[in-house]
Amino acid sequence: MLHPIGIFDSGIGGTSIWREVTAILPFENTIYLSDSMNAPYGEKSKEDIINFSIKNTELLLSKGCKLIIVACNTATTNSIDILRSKYDVPFIGIEPAIKPAALKTKTNNIGILATKGTLSSALFSETSEKFTTDINVIEQVGKGLVQLIENGQLHSDEMTELLHTYLQPMIKENIDHLVLGCTHYPYLIPQIQKIVGKNVAIIDSGLAVARQTNSILEKMSLKTTSDEIGNHQFYINTNTAILQTILSDVKLNHSVKKLDF
Ligand code: DGL
């Protein structure tokens with residue numbers, strides 16, 4: 001049997017990570033869980049986020065996954081330590097890419113857009129303190145953005161208004177790097193770039209996660225030996241339509257199903 005890579009997120013946003021992973025690991029099979037019923041995690045308590053992460057992990061393990069990608073900054077920053085101590089499979093997490101932004105900034109001002117759950121986590125504070133001592137970091141909670149994406153309102157007026165509200169103060173502070181600390185936000189990049197202008201570099205962690213996955217699979221001899229293009233199963237615990245829409249451009253062999261979890 002070809003053991004798949006398991007991926008979960010609070011919703012459909014983690015598909016931005018799935019895209020990067022399948023681009024560099026085309027022969028791997030994957031199983032993706034979209035826990036849209038419980039989105040947004042960013043507004044939930046740490047305890048709830050841990051419980052959702054455990055539930056998602058156990059479902060992926062019951063389906064034979066050999067490695068799990070926590071494709072959610074909020075779930076990673078609040079629960080990855082517990083997942084790693086509880087289960088034997090390797091976990092790859094995702095955290096806001098503060099370090100590269102801090103190393104590259106010329107204006108010494110960087111912006112970060114993430115959920116409340118991520119920005120208030122101990123893991124995020126640690127990373128931020130470590131790499132941004134002499135840098136002005138403008139943190140902004142992207143309240144409402146995940147819900148709009150989950151509701152299929154990616155290109156709505158409400159979205160444009162919220163983005164303007166959140167990004168304008170960062171532009172005033174002369175940021176030259178904007179870190180996207182939520183896996184839903186890469187789907188907003190064209191709109192964000194329009195608002196912040198081309199002189200602000202937008203950084204997300206998708207490619208880094210995919211590279212790290214590749215390196216852990218190699219190190220642990222878990223990489224598939226198959227030379228056939230992988231097969232991809234997506235499960236969502238609400239309506240399948242939103243997941244189908246976000247994947248409508250995907251040409252790979254995949255199925256989208258509703259599952260109660
Ligand atoms: N994609 C999740 C993240 O990366 C969204 C969290 C949420 O559901 O609020 O943080």
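Counting convention: from 1, in listed order, for ligands and their atoms alike. Given the structure is predicted, the values throughout are model-derived calculations rather than measurements.
Between H254 and W18, the ring planes lie tilted relative to each other; the angle falls in the 30° to 60° range.
Ligand-side atoms of ligand 1 in range of P40: 7 (C), 8 (O), 9 (O), range being under 4.0 angstrom from any heavy atom. Atoms of ligand 1 found under 4.0 Å from any heavy atom of T115 (numbered from 1 in listed order, with element): 6 (C), 9 (O), 10 (O). The ligand atoms of ligand 1 that sit less than 4.0 angstrom from a heavy atom of H184 are 1 (N), 2 (C), 5 (C). With ligand atoms numbered from 1 in the order given, ligand 1 contributes 1 (N), 2 (C) to contacts under 4.0 Å with heavy atoms of D9.
Here's the thing with E43: none of its N/O atoms is less than 3.5 angstrom from an N/O atom of ligand 1.
Considering CZ of R84 and CZ of F91, their distance stands at 8.5 Å, rounded to 0.5 Å.
With a heavy-atom cut-off of 4.0 Å, S10 touches ligand 1 through its side chain alone.
Residues forming a side chain to side chain donor-acceptor pair (under 3.5 Å) with K116 (at least two apart in sequence, or on another chain): none.
For C72, the closest heavy-atom approach to ligand 1 falls below 4.0 Å. Residue contacts with ligand 1 include G42, since one or more of its heavy atoms lies under 4.0 Å from the ligand.
Nearest protein neighbour of atom 10 (O) of ligand 1, counting heavy atoms only, is T74 OG1, 2.6 Å. The single protein non-hydrogen atom nearest to atom 7 (C) of ligand 1 is Y41 N, 3.2 Å, given as residue, atom name and distance.
In the hydrophobic cluster analysis, where Ile, Leu, Val, Met, Phe, Trp and Tyr join through side-chain heavy atoms closer than 4.5 angstrom, L180 is grouped together with L163.
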Test ring pair (Phe, Tyr, Trp, His ring centres under 6.0 Å) applied to Y41 and F52, step by step: CA-CA 9 Å; Y41 283 9; F52 296 145; 5.0 Å; yes

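Ion pair D260/K258 flagged as a salt bridge, since at least one NZ, NE, NH1 or NH2 atom sits closer than 4.0 Å to an Asp/Glu carboxylate oxygen. Between E43 and K143 there is a salt bridge, with a side-chain nitrogen of the basic residue lying less than 4.0 Å from a carboxylate oxygen of the acidic one.
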